[in-house]
2 protein chains.
Amino acid sequence: MKPFAVTSEPNGHFCDDCAVRGAAVCSSLDAAELREFEHLGRRVHFGSGETVFSEEDITTSFYNVLEGVMRLYKLLPDGRRQIVGFALPGDFLGMNLSGRHNFSADAIGAVNVCQFPKGPFGRFIEGRPQLLRRINELAIRELSQARDHMVLLGRRSADEKVATFLLGWRERLVSLMGLSDMVALPMSRQDIADYLGLTIETVSRTFTKLERLGVIEIIHGGITLLDPARVEAMAAA
Amino acid sequence: MKPFAVTSEPNGHFCDDCAVRGAAVCSSLDAAELREFEHLGRRVHFGSGETVFSEEDITTSFYNVLEGVMRLYKLLPDGRRQIVGFALPGDFLGMNLSGRHNFSADAIGAVNVCQFPKGPFGRFIEGRPQLLRRINELAIRELSQARDHMVLLGRRSADEKVATFLLGWRERLVSLMGLSDMVALPMSRQDIADYLGLTIETVSRTFTKLERLGVIEIIHGGITLLDPARVEAMAAA
DNA sequence: AGCCGAATTTGATCTGAGTCAATCGGCTGC
DNA sequence: GCAGCCGATTGACTCAGATCAAATTCGGCT
């Protein structure tokens with residue numbers, strides 16, 4: 001055993017082989033900065049269903065998703081839920097103005113995040129405009145996605161919603177894991193319903209309908225796209 | 001003279017007496033910077049219904065709204081429209097990643113904007129992180145509003161949508177023009193419908209219903225809130 | 001003032017998606 | 001192996017909001 005070995009790594013040295021290194025906020029940092037940066041964050045694990053943070057909680061940290069999927073949602077006082085997005089590896093969470101989170105986030109399946117305390121992270125950003133610019137880019141990208149989702153929620157039929165969701169989700173998985181007609185759906189039907197502004201029954205019926213039409217196959221934990229072109233036609237309609 | 005025109009103070013050529021000076025991106029600049037900044041932009045006027053920019057247009061400029069109201073919207077190929085927001089004085093438009101606008105914007109009534117060519121503006125930002133930070137703040141604020149609007153579109157009833165809209169719109173007018181129970185509605189019923197994911201008929205019926213309940217009075221160019229508490233109760237439900 | 005076209009309101013009816021209510025199927029633990 | 005559970009599916013029925021169709025009101029113009 002080495003003289004100064006420790007049982008658990010003190011946060012760092014992980015960035016080098018971090019899977020999201022190129023895609024996440026970190027992509028704006030050079031090698032020297034990264035060395036400093038990695039001491040700020042620590043890896044944290046969340047089990048399936050665990051809540052990473054809740055709406056209205058005081059923001060204490062920023063999060064960089066490393067592995068797994070999270071649901072981001074808002075609740076109405078009577079319990080109705082709207083999922084405002086799913087977070088995947090590379091996504092950056094915790095930006096806000098009020099000092100409080102404006103949505104809740106919990107793990108769908110096992111999740112690893114890189115957690116940065118707000119204070120040190122804020123100080124690190126000072127004098128590193130390229131990191132700020134990167135964060136701004138991510139915010140603008142999310143804003144664009146949010147607007148697309150508003151169109152879906154306000155103006156699309158149930159069939160269009162489901163077809164659009166399948167294609168959009170596949171797109172995200174493709175950019176993470178490469179092209180495949182298998183589309184893993186780690187979230188529940190209820191999650192999909194709450195994302196699309198539908199009920200679980202309508203989502204289920206629409207899946208069944210797509211399967212009967214022969215354009216998808218429902219498999220355990222996801223679907224297979226048998227006829228992507230037909231799904232695109234349904235989404236565009 | 002229109003009784004409910006949404007305008008800010010008359011605006012000269014110089015930032016010094018610009019009505020949105022304190023609220024807009026410019027609020028992050030000191031006097032010397034402002035002097036340089038004002039040479040970058042030019043005031044441009046748009047008449048009622050004119051399009052300031054269209055979705056998919058190459059971005060050539062950023063815009064700072066000085067006076068008036070704009071509708072920001074996306075169209076589906078078959079003509080369905082979703083209004084993703086209304087822009088008021090102080091709002092900053094034109095941020096994007098792709099080099100193209102991701103929504104269209106047109107004037108509702110007369111509009112004045114401060115237009116900044118993309119190139120010079122981008123160069124001005126370089127080395128002024130506080131301006132970048134200000135822009136980032138605006139983006140994050142919009143993102144938060146976008147998420148709230150997703151909840152409205154996906155999970156609220158028609159009554160709740162209309163009540164929430166009236167309160168939210170009033171809030172924005174209050175912060176521009178001070179408190180009043182008169183709520184100017186410069187946009188058409190169709191605009192409101194396309195913002196709320198409803199039809200014009202449903203919006204009209206809901207207004208009438210609120211009036212019959214005695215909680216609002218429909219007046220020309222807007223409404224009067226007779227019983228704000230009841231409207232809040234309808235919105236929260 | 002009087003006419004025209006557009007926006008809004010109102011009414012009648014329809015329908016897509018929600019609600020309510022059984023199953024079904026796959027896993028887990030005994 | 002099977003009892004119990006939880007998520008998903010399916011079916012029957014309902015209803016909020018859409019659609020279709022007139023009025024009605026308003027603003028602009030001569």
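A note on names: the letters A, B, ... follow the listed sequences, proteins ahead of strands, and every chain is numbered from 1.
- In this structure, B:M187 places its CE atom 22 Å from P of C:dA6, rounding to the nearest Å.
- Between the CD atom of B:E211 and the C1' atom of D:dT25 there is a distance of 14 Å, rounded to whole Å.
- Note on the helix from C:dA1-D:dT30 to C:dC30-D:dG1: angle between the axes of the first and last five pairs equals 40°, rounded to 10 degrees.
- Atom pair B:I218:CD1 and D:dC26:C1' shows a separation of 14 Å (rounding to whole Å applied).
- Rounded to whole Å, the distance from CD1 on B:I200 to P on D:dC20 is 15 Å.
- Residue B:S188 is in sugar-phosphate contact alone, with no base atom involved, counting any heavy-atom pair closer than 4.0 Å across all strands shown.
- Listed for the B:S204 side chain is no donor-acceptor partner under 3.5 Å among the backbone atoms of B:I200.
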Going through the checks in order, is the salt bridge (Lys or Arg N to Asp or Glu O under 4.0 Å) test met by B:D194 and B:R80?
CA-CA 9 Å; B:D194 287 347; B:R80 280 174 291 178; over 6 Å; no
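- Under a 3.5 Å cut-off, the side chain of B:R156 and the backbone N or O of B:A235 do form a donor-acceptor pair.
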Sequence-aligned protein contact record of nucleotides 16-27 of chain C, with B where the base is within under 4.0 Å of a protein heavy atom and S where only the sugar-phosphate is:
-SSBBB-----S
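- For C:dT10, the OP1/OP2 oxygens have no side-chain nitrogen or oxygen of B:S204 closer than 4.0 Å.
- Judged by distance alone, the side chain of B:N96 and the main-chain N or O of B:G94 form a donor-acceptor pair under 3.5 Å.
- Note: CE (B:M234) to P (D:dA16) measures 13 Å, nearest angstrom.
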Any chance you could lay out the side chain to side chain contact (heavy atoms under 4.5 Å, CB included) test for A:F207 and A:L185, step after step, and finish with the verdict?
CA-CA 12 Å; A:F207 271 61; A:L185 297 172; 3.7 Å; yes
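- Counting to the nearest Å, the P atom of D:dG17 and the NZ atom of B:K161 are 8 Å from each other.
- Between A:Y73 and A:Y195, the ring center distance fails the sub-6.0 Å criterion.
- Ion pair B:D159/B:K209 flagged as a salt bridge, since at least one NZ, NE, NH1 or NH2 atom sits closer than 4.0 Å to an Asp/Glu carboxylate oxygen.
- Remark: side-chain polar atoms of A:S54 are not paired, donor with acceptor, to backbone N or O of A:S104 under 3.5 angstrom.
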Test side chain to side chain contact (heavy atoms under 4.5 Å, CB included) applied to B:M150 and A:K74, step by step:
CA-CA 9 Å; B:M150 285 187 219; A:K74 293 176 74 94; over 6 Å; no
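- Taking atom CD1 of A:I216 as the reference point, atom C1' of D:dA8 lies 14 Å away to the nearest angstrom.
- Taking atom CZ on A:F207 and atom P on D:dG7, their separation rounds to 17 Å, with Å as the unit.
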